[in-house]
Amino acid sequence: MKFHTVEVEGVEALGRYVLLRYPWSGAIEPGQFTMARAAGYPTTFDPFLARPFSFYDHDGETASLLFEVRGRGTQLLAGAKETIEVSRPLGKGFRVGEENGRSLLLGGGVGVAPFKFLSRRLDELGVEHDVVLGFVDEGVAGVAEDFPRAKVATMDGSLGVRGTVLDAVGDLSEYSAIYACGPNAMLAAVKKAANGIELCQLSVEERMGCGNGSCNGCVVPTKARGLVRSCIEGPVFDAEVLAW
Amino acid sequence: MKFHTVEVEGVEALGRYVLLRYPWSGAIEPGQFTMARAAGYPTTFDPFLARPFSFYDHDGETASLLFEVRGRGTQLLAGAKETIEVSRPLGKGFRVGEENGRSLLLGGGVGVAPFKFLSRRLDELGVEHDVVLGFVDEGVAGVAEDFPRAKVATMDGSLGVRGTVLDAVGDLSEYSAIYACGPNAMLAAVKKAANGIELCQLSVEERMGCGNGSCNGCVVPTKARGLVRSCIEGPVFDAEVLAW
Amino acid sequence: MVMERRKTDVGLSVELFGRRLETPLMPASGTLSKEAVEEVRGVYGAILPKTTTPLSRDGNPTPRIAETPAGMVNSIGLQNPGVDEFMKNLDDFDLGVPMFVSVAGNTVDEFRELCERVSADERVFAIEMNLSCPNVEHGGLTFCAGASSVEEVVSACRGVSGKPLSVKLTFEGVVENAIAAEASGADAITVMNTMPALTVDADARKVLVKGGFSGPAIKPVAMRAVYDVSGAVDVPVIASGGVSTGVDVAEFMMAGAAVVQIGTVSFVRDPEEILGEFEEYLRKHEMSASELIGCLRGAGSV
Amino acid sequence: MVMERRKTDVGLSVELFGRRLETPLMPASGTLSKEAVEEVRGVYGAILPKTTTPLSRDGNPTPRIAETPAGMVNSIGLQNPGVDEFMKNLDDFDLGVPMFVSVAGNTVDEFRELCERVSADERVFAIEMNLSCPNVEHGGLTFCAGASSVEEVVSACRGVSGKPLSVKLTFEGVVENAIAAEASGADAITVMNTMPALTVDADARKVLVKGGFSGPAIKPVAMRAVYDVSGAVDVPVIASGGVSTGVDVAEFMMAGAAVVQIGTVSFVRDPEEILGEFEEYLRKHEMSASELIGCLRGAGSV
Ligand SMILES: Cc1cc2nc3c(=O)[nH]c(=O)nc-3n(C[C@H](O)[C@H](O)[C@H](O)COP(=O)(O)OP(=O)(O)OC[C@H]3O[C@@H](n4cnc5c(N)ncnc54)[C@H](O)[C@@H]3O)c2cc1C
Ligand SMILES: Cc1cc2nc3c(=O)[nH]c(=O)nc-3n(C[C@H](O)[C@H](O)[C@H](O)COP(=O)(O)OP(=O)(O)OC[C@H]3O[C@@H](n4cnc5c(N)ncnc54)[C@H](O)[C@@H]3O)c2cc1C
Ligand SMILES: Cc1cc2nc3c(=O)[nH]c(=O)nc-3n(C[C@H](O)[C@H](O)[C@H](O)COP(=O)(O)O)c2cc1C
Ligand SMILES: Cc1cc2nc3c(=O)[nH]c(=O)nc-3n(C[C@H](O)[C@H](O)[C@H](O)COP(=O)(O)O)c2cc1C
Ligand code: FES
Ligand code: FES
């Protein structure tokens, strides 16, 4: 896979997460992701693999990633000063434009990531939508502020509604389309709750070796075709396709 | 082995070499070395081992290293901005104070490294000495400037005398002590040429795994005791001890 | 055109099975998808898709990927659509360079049938026999478990195939197995496959991925295996294991490889860069690729 | 005192051969010099100097050390002063914790004599038999070449030694060899030693170091070996191979190790930090060291 060295335009804390911006003028679809790593050209062994991140936003000139520092890869990215290395935008993003009414965007934890960009796109298309975000606690308030229209739920009730992201949603049947991103367990719960809603798209999360279909590492179970690669056929899947 | 995180006080080019300074208030003897690496606490895999470097200078507060960029380790050190990691001073340095006349310091290539410090020490002890430095070409002129009293030889004659460091020395028998550092081949030549001079000390260079005697990687052949570890019993050896 | 420049510039090509490969690089099986094939046009001298098996295989559940220091462990489990579907779509991998096909069976018969089947296809230049799969007739040990099972399976395939056969071996017993493969009619030995390994999720205290270990970390082991095998057999050796730079390619060729496979590193680098570095090595040292082969053992060493 | 704090704080100690070790860490043979021993006081639950042989050995010429991705290859060649000199200076390694001695011979007789000799010394707690050395009576293959040579040498040593014997095996055939060692009277298995490897000086086109591969790179292989061996024998397993953090120590114990050896990483880290990280792991997970042992296989897994 080809990696592109890009300038870091900014790294800042957003609540407990990190927002990193870099110039990218090519096309990106909401829901697509990039494989990214701190600079180490031609390659670094520490860590060895690049990491997948959804695009948080893209205005045509600047792309941004929102991530949680978990291990070595995200730690080095959070400390990046001059350049990082990114792949081209990968995977299949959200299908938009088929809604015939209000849409609901459900983000769990750092699963909020793709929704800044999706929300921007839906605004452009004039699609009415609500954003509901679920967090563990208020440590992520900074992110919520970046979604002024969003309803927020926290597990400990320290911000917004106490409970899960689904607890904060009123009647799901009001919506003609649901978009969800978060831990796979949350996605499974959304899928169950969204039963009957035709357009329910889930952005799944699997460990990735390559991001371009080569390793077969990132598969998810589908009803019709067994295990398929989420980096090529996803990361966004129609809920009904998944054998969850 | 314990590594200490130290601030980088400065990194600058000295000819084709790099001079790196960091605070160190503990005792250091001329001829001792440190195992150093770019920051990567608690450890980095890229590269994995630390690198041995002689002390270029130490004024009691600031220690400095002079090195040539060869591979990954030196490349990262040359780019160090905030901190690096160093071991305590290691090995046996030059014995000084036993000279009964003029001393000669012979540095080949980046083998000049320990002689700034040794020269300083000899000055303090009031030992008269000459410094002769041999380089491939004038690309290292910046280093020679840091040794204003030194005689210089270059293989291509672009600076100073044309030839090896030994070609630039007059009569070796004028000296009561010789100190040499450079490629092992040069050291062997110095040893041969210094035949008869009682105090001839050579700083040898072997690949090192640990620097503290643990791996047995850095051995040099001695006449009396077979292969001995140069990180513990050296890197400075009396020429006559070595079975070269 | 990129390839044009190469051909005239330094001597990149090598000969394998009587045919000229434009570069001594090819993908390692299972590390290049059809979606990524266009990216490597002009880089590889031969092509090699993922191993195919008689029937489709779903492979193992996720997680299938774990990172390790300078490497990774995978447990894909030979997921593939089965040989029928595979051969139907073989042209997805056609870059106009010789096409290898990698096969694996669970029994000697399966191997024989696969080889027969694949050999009948004109598009196939050569076959790589992936022996790192469980030999179900021998209690789940792989076909690499001993020289006798190597002999049995290679002889069976030799009997039905007129195509060049490269036998891909794991590290354990590699020299003995290579000798057995050559004696049974192998035209080349691919050295080596991933190594058995285990990773753990320390917080969950569960096995994370139990599987095959690959990447730069294993390079010194693969180098040793290539060196030892190329000293023990006369057929060409195809190297696989931990290549990450063009200098690594040169090193594997010095150690005895005629062709070098690019595997895991292609997930984190563009193979084109690796070829570029290899060309730079050749230019700097004024050597051609084929002069490098085996030069550690004498002749070509400086 | 550092150690006092540890004892009372988290359950660091483990039992081995009926004795309590204050920590489950010990050095890997050949990676701790007498000059560095003081630095690790309080860190290790047992101590283990470099392998000793009947007569002094000069070892191999330099270069003996080559760096590799996340690891290194060494060809020290068992340099040591011979058992007489070694035993004379054994107290150099006395830190007041149980003392292992590592022995290696080129024949079964040499092994037997070494074990007899070393067992007679009261200062010795246990013996580690380093079987990764050429068995000159068997054409230069090592004692790990097969179960029968393991059996022969372990039985011979068992016959002359009342001390606990741990048999140190390499990766190849490790499960089979471990079963053979246990059957022949081994009290523990040390898993594993360095792996055969090769590095090259690409510019000179010469072999740089042909020898044994160690360091973080090999951890996934060592983890697999420890996991497989601890599932196949009842005696304790001592882990060696690629440990570089306290979490690695925990992982090896989960995989079945009773004690974990710190080797190559001690060249680039202070083992005290590794112990600190291990304590932190135990504290965070509210477990004692001994509860971790083998928990991947059930009971203790979360
Ligand atoms: C399509 C996709 C989009 C993602 N988008 C985002 C995002 O926008 N923001 C964000 O914070 N995170 C996102 N993630 C998760 C993110 O990739 C991981 O948090 C990250 O890889 C952790 O790397 P690390 O080095 O910090 O952790 P480590 O635990 O050190 O990583 C070790 C290895 O495990 C993998 N890994 C660890 N956790 C995960 C995980 N949860 N998912 C996938 N791989 C993992 C790493 O990629 C790496 O290979 C996304 C994952 C996928 C698959
Ligand atoms: C006691 C001692 C003092 C030294 N002092 C200096 C000094 O003051 N200035 C200076 O520029 N160099 C000095 N060297 C050499 C210096 O250690 C190497 O240039 C450096 O290790 C190269 O590292 P690298 O990552 O750039 O090269 P790489 O080639 O990438 O290193 C790979 C491995 O080989 C080892 N290695 C490579 N070349 C050498 C070498 N010439 N000597 C020893 N190990 C080597 C490295 O340490 C590393 O383990 C000294 C060496 C020794 C033994
Ligand atoms: C994700 C992945 C999938 C693989 N699948 C196969 C396969 O199907 N058949 C095969 O022979 N080898 C397979 N391999 C092994 C590689 O072909 C190669 O031999 C091995 O990874 C060592 O080389 P490397 O370190 O360059 O990756 C696979 C390796 C990886 C990493
Ligand atoms: C420099 C060096 C010397 C070694 N010497 C010995 C030895 O004398 N005896 C022995 O049994 N193992 C020896 N080993 C192997 C280690 O004890 C250990 O088993 C191996 O290095 C794997 O562990 P590690 O990755 O933690 O280093 C040596 C390893 C190294 C790196
Ligand atoms: S991440 Fe490699 S196939 Fe999807
Ligand atoms: S460098 Fe390890 S003993 Fe000298």
Side-chain angles (χ1 to χ4, degrees), chain A residues 1-5 35-52 70-74 76 85-88 90-92 184 204-222 224-234 242-244, chain C residues 27-28 30-40 49-51 56-81 199 208-209 211 214-217 219 242 244-247 263-274 276-277:
Chain A
M1 173 109 93
K2 201 174 163 60
F3 282 80
H4 306 266
T5 299
M35 296 295 286
R37 63 171 181 237
Y41 189 86
T43 184
T44 170
F45 301 139
D46 193 16
F48 176 59
L49 298 172
R51 311 303 198 220
R70 286 182 186 161
R72 182 88 177 140
T74 47
L76 288 174
E85 285 152 26
V86 297
S87 73
R88 66 173 192 278
L90 299 165
K92 293 215 174 70
N184 289 356
V204 306
E205 188 176 286
E206 285 293 343
R207 286 175 182 248
M208 292 189 168
C210 64
N212 72 353
S214 291
C215 75
N216 281 292
C218 61
V219 294
V220 291
T222 61
R225 293 181 304 115
L227 298 166
V228 307
R229 295 163 302 168
S230 62
C231 67
I232 292 283
E233 309 207 10
L242 296 174
W244 273 359
Chain C
T31 64
L32 178 69
S33 62
K34 64 172 195 283
E35 291 85 359
V37 145
E38 270 309 318
E39 287 187 36
V40 296
K50 185 165 178 67
T51 299
S56 80
R57 286 173 57 107
D58 241 14
N60 296 321
T62 58
R64 291 176 166 191
I65 297 282
E67 191 185 46
T68 70
M72 62 177 271
V73 176
N74 85 76
S75 63
I76 308 304
L78 287 185
Q79 177 175 2
N80 82 95
T199 61
L208 182 60
V209 178
S214 66
K219 182 193 146 196
S244 75
T245 67
V247 175
T264 306
V265 76
S266 67
F267 305 163
V268 298
R269 286 197 79 184
D270 182 357
E272 165 98 41
E273 293 172 2
I274 295 173
E277 291 161 355

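Below, chain A is the first sequence line, B the second, and so on; all start at residue 1. Just so it is clear, the model here is predicted, and its values are computed rather than measured.
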Open item on the list: A/Val219 vs C/Gln79, test: side chain to side chain contact (heavy atoms under 4.5 Å, CB included). Steps then yes/no.
Closed with: CA-CA 10 Å; A/Val219 294; C/Gln79 177 175 2; 3.5 Å; yes
- [ ] Step by step, work out the side chain to side chain contact (heavy atoms under 4.5 Å, CB included) result for A/Leu49 and C/Ile65.
- [x] CA-CA 10 Å; A/Leu49 298 172; C/Ile65 297 282; 4.2 Å; yes
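For chain C, the nearby part of A/Arg229 is the side chain; its heavy atoms alone come within less than 4.5 Å. Residue A/Arg51 touches chain C through its side chain alone, counting heavy-atom pairs closer than 4.5 Å. Looking at C/Pro27, neither its backbone nor its side chain comes within 4.5 Å of chain A, counting heavy atoms on both sides. Heavy atoms closer than 4.5 Å to chain C are found nowhere in A/Asp46, neither backbone nor side chain. Neither the backbone nor the side chain of C/Asn74 has a heavy atom closer than 4.5 Å to any heavy atom of chain A. Interface remark: A/Met35 contributes no atoms to any contact with chain C (heavy atom separation under 4.5 Å). Looking at C/Leu208, only its side chain comes within 4.5 Å of chain A, counting heavy atoms on both sides. Contacts between A/Leu227 and chain C at a heavy-atom distance below 4.5 Å involve backbone atoms as well as side-chain atoms.
The most heavy-atom pairs under 4.5 Å with chain C, out of A/Arg207, A/Met208, A/Glu85, come from A/Arg207. The candidate from C/Gly215, C/Pro63, C/Ser244, C/Gly71 with the greatest count of non-hydrogen atom pairs under 4.5 Å with chain A is C/Gly71. Comparing A/Asn216, A/Asn212, A/Ile232, A/Thr44 by how many heavy-atom pairs each has under 4.5 Å with chain C, the most go to A/Asn216. Per-residue counts of heavy-atom pairs under 4.5 Å with chain C were compared for A/Gly213, A/Gly71, A/Ala50; the largest is that of A/Gly213. Comparing C/Gly77, C/Pro216, C/Gly263 by heavy-atom pairs within less than 4.5 Å of chain A, the highest count is held by C/Pro216. The candidate from A/Gly211, A/Gly209, A/Cys218, A/Gly226 with the greatest count of non-hydrogen atom pairs under 4.5 Å with chain C is A/Gly209. Among the candidates C/Lys50, C/Glu39, C/Glu35, the residue making the largest number of heavy-atom pairs closer than 4.5 Å to chain A is C/Glu35.
For the pair A/Phe3 and C/Phe267, the tightest heavy-atom approach, listed with the atom from each and the gap, is CE1-O, 3.6 Å.
Between the side chain of A/Arg37 and the backbone N or O of C/Val268, at least one donor-acceptor pair lies under 3.5 Å. Counting only distance, with no hydrogens or angles, the side chain of A/Ser214 and the backbone of C/Ala36 share no donor-acceptor pair below 3.5 Å. Remark: side-chain polar atoms of C/Glu67 are paired, donor with acceptor, to backbone N or O of A/Phe48 under 3.5 angstrom.
Using a 4.5 Å heavy-atom threshold, the side chains of A/Met1 and C/Ser266 count as separate.
Summarising the geometry, atom SG belonging to A/Cys210 is positioned 9.5 Å from atom CG belonging to C/Leu32; distances are rounded to the nearest 0.5 Å.
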